[in-house]
Amino acid sequence: MSLPACVTMREVGTRDGIQSLGAFVPTEHKIEMANRLATTGLTRIEVTSFVSPKAVPQMADAEQVMAGIKRVPGVSWEPLVPNLRGTERALATRPDRILVVLSASDTFNLKNIRMTIDDSLRSIGEIIPLARTAGVPVIAAISTSFGCPYSGDVPEERLFGVIGSLLDLGADEVSIADTTGMANPLQVERTVGRVLDRWPDANFGLHFHNTRGMGLANVVAGVRAGVTVYDASIGGIGGCPFAPKATGNVSTEDVVHMLHEMGIETGVDLEALIGCANRMGEILGRELPGQVMKAGPRSTRHAA
Ligand code: COA
Ligand code: ZN
């Protein structure tokens with residue numbers, strides 16, 4: 001089996017990680033963390049979201065956060081947008097890419113962005129040309145791709161239908177997301193393998209949550225299937241406010257550590273990431289789920 005020699009990490013900690021926290025994280029801390037993450041070798045950062053501040057108060061400072069980030073060469077800042085209004089707000093802040101979301105499950109889509117899948121596709125059909133005109137590529141993320149916390153299994157053909165529609169609309173990349181940690185590794189390898197067989201020339205990313213401890217195994221399954229873009233959040237923080245019992249994304253430093261141990265490059269400095277995770281723990285004032293930040297890398301040696 002040939003595994004990819006390198007993969008790209010997409011950091012989502014300051015968006016997916018922070019969005020559902022109760023206490024407002026001060027804007028200067030979000031900016032500090034985003035800028036520090038950008039010095040670790042990470043090249044893609046989902047830094048904030050331009051959503052309704054009533055729906056997600058934690059992201060009410062999206063404009064200020066975008067104004068505070070340092071534009072480092074080689075780092076792509078990729079805020080999330082839920083609708084046309086969010087797209088207009090985001091484009092005014094000079095993002096490098098934007099990420100638009102919809103769900104593979106109608107029930108979840110209604111809960112999360114209050115549209116049916118068909119209405120979402122119509123909206124994305126307006127968003128993509130607008131972004132194109134501004135020269136900004138669009139990633140389309142499909143939440144609950146491997147299972148919905150409300151309606152259960154998501155048939156593969158449904159997922160493939162949504163992927164096909166997004167590619168037809170001109171999405172530059174499709175991110176297949178397991179919003180509530182329902183995927184298992186065999187399911188990921190099988191489903192994602194079929195996706196890559198069907199669309200060999202399209203760009204795909206994977207987004208896993210570690211809700212049930214299957215996150216890292218699912219990353220390995222995705223790597224074996226051939227996907228080379230992975231979302232993760234620093235310290236493993238996160239969870240969708242519109243999904244019951246949602247918990248954190250796979251932790252960036254745990255994924256990077258695992259991939260490096262497997263001989264797969266990420267271009268990211270693990271020690272620098274651990275520094276970011278520790279700082280995030282200080283900012284949030286609690287212990288984070290990440291494991292390598294506590295145990296240290298495998299190369300750590302203790303006095304006998
Ligand atoms: N940015 C700021 N405000 C927005 C907005 C945006 N992108 N989209 C809508 N609004 C405002 C409207 O102006 C309106 O404000 P008002 O009550 O002061 O008039 C209010 O939100 C409702 O607007 P409406 O178009 O009816 O939207 P909605 O109530 O159907 O909400 C969403 C739809 C998607 C905008 C909203 O639910 C949302 O932002 N959800 C966040 C989803 C999310 O972040 N999920 C986690 C990540 S996947
Ligand atoms: Zn997520």
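In listed order, ligands and their atoms are each counted from 1. Any value given below was found using the heavy atoms of this structure, including those in side chains, with hydrogens, waters and symmetry copies removed.
- At a cut-off of 2.8 Å, Asp231 does not coordinate the Zn ion (ligand 2) through any N, O or S atom.
- Among all non-hydrogen protein atoms, the one lying nearest atom 33 (C) of ligand 1 is Ile113 O, 3.9 Å.
- Only the side chain of Arg89 comes within 4.0 Å of ligand 1, counting heavy atoms alone; its backbone N, CA, C and O stay farther away.
- For atom 29 (O) of ligand 1, a protein heavy-atom neighbour is found at a distance under 4.0 Å.
- Salt-bridge check for Glu78 with Arg15: failed, with every basic side-chain N at 4.0 Å or more from each acidic carboxylate O.
- Scanning the protein heavy atoms around atom 39 (O) of ligand 1, the nearest turns out to be Ser52 N, 2.7 Å.
- For Glu11 and Arg44, the salt-bridge test fails: no basic side-chain N is under 4.0 Å from an acidic carboxylate O.
- Arg122 and Asp119 are joined by a salt bridge, as a carboxylate oxygen and a charged side-chain nitrogen come within less than 4.0 angstrom of each other.
- There is a protein heavy atom less than 4.0 angstrom from atom 10 (N) of ligand 1.
- Applying the 4.0 Å criterion to heavy atoms of Val56 picks out, from ligand 1, the atoms 41 (C), 44 (O).
- At least one donor-acceptor pair under 3.5 Å links the side chain of Asp172 to the backbone N or O of Val138.
- Of the protein's non-hydrogen atoms, the one nearest atom 44 (O) of ligand 1 is Val51 CG1, 3.3 Å.
- With the Zn ion (ligand 2) as vertex, His209 NE2 and His207 NE2 subtend 100°, rounded to 10°.
- Note that atom 20 (C) of ligand 1 has no protein non-hydrogen atoms nearby, at separations under 4.0 angstrom.
- Nearest non-hydrogen protein atom to atom 47 (C) of ligand 1 is Arg15 NH1, 3.3 Å.
- Counting protein heavy atoms under 4.0 angstrom from atom 26 (O) of ligand 1 gives zero.
- Residues Met214 and Pro185 come closest through the heavy atom pair SD-CD, 4.3 Å.
- Distances from ligand 1 to the non-hydrogen atoms of Met59 include no value under 4.0 Å.
- Side-chain contact check for Thr144 and Ser105: no donor-acceptor pair (N or O, by modelled atom type) lies under 3.5 Å.
- If you check the side chains of His260 and Thr266, you find a donor sitting under 3.5 Å from an acceptor.
- When hydrogens are left out, the protein atom nearest atom 42 (C) of ligand 1 is Asn112 O, 3.4 Å; that is the closest non-hydrogen contact.
- What sits closest to atom 40 (N) of ligand 1 on the protein, heavy atoms only, is Ala55 CB, 3.5 Å.
- At least one heavy atom of Pro53 sits less than 4.0 Å from an atom of ligand 1.
- A donor and an acceptor atom, one from each side chain of Ser120 and Asn109, are located under 3.5 Å apart.
- Within 6.0 Å of the CD atom in Glu156, the count of heavy atoms belonging to other residues, nucleotides or ligands exceeds 12.
- Asn278 places no side-chain N or O within donor-acceptor distance of the main-chain N or O of Gly235, the cut-off being under 3.5 Å.
- Using modelled atom types, one finds no donor on one side chain facing an acceptor on the other under 3.5 Å when comparing Asp96 with Ser76.
- Under the 4.0 Å criterion applied to side-chain N and carboxylate O atoms, Glu32 and Lys70 are not assigned as salt-bridge partners.
- Ligand 1 places these atoms under 4.0 Å from at least one heavy atom of Gly86: 7 (N).
- At least one protein heavy atom sits closer than 4.0 Å to atom 16 (P) of ligand 1.
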Go through the steps for Arg198 and Phe160 under the test side-chain contact (heavy atoms from CB on, under 4.5 Å), then give the verdict. CA-CA 9 Å; Arg198 196 140 153 186; Phe160 295 171; 3.1 Å; yes

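- The heavy atom nearest to atom 8 (N) of ligand 1, considering only Val81, Leu99, Asn83, is found in Asn83.
- Distances from ligand 1 to the non-hydrogen atoms of Gln19 include at least one value under 4.0 Å.
- The nearest protein atom to atom 3 (N) of ligand 1, hydrogens excluded, is given as Arg85 NH1, 3.2 Å; this is a heavy-atom distance.
- Nearest protein heavy-atom contact of atom 18 (O) of ligand 1 is Lys54 NZ, 2.9 Å.
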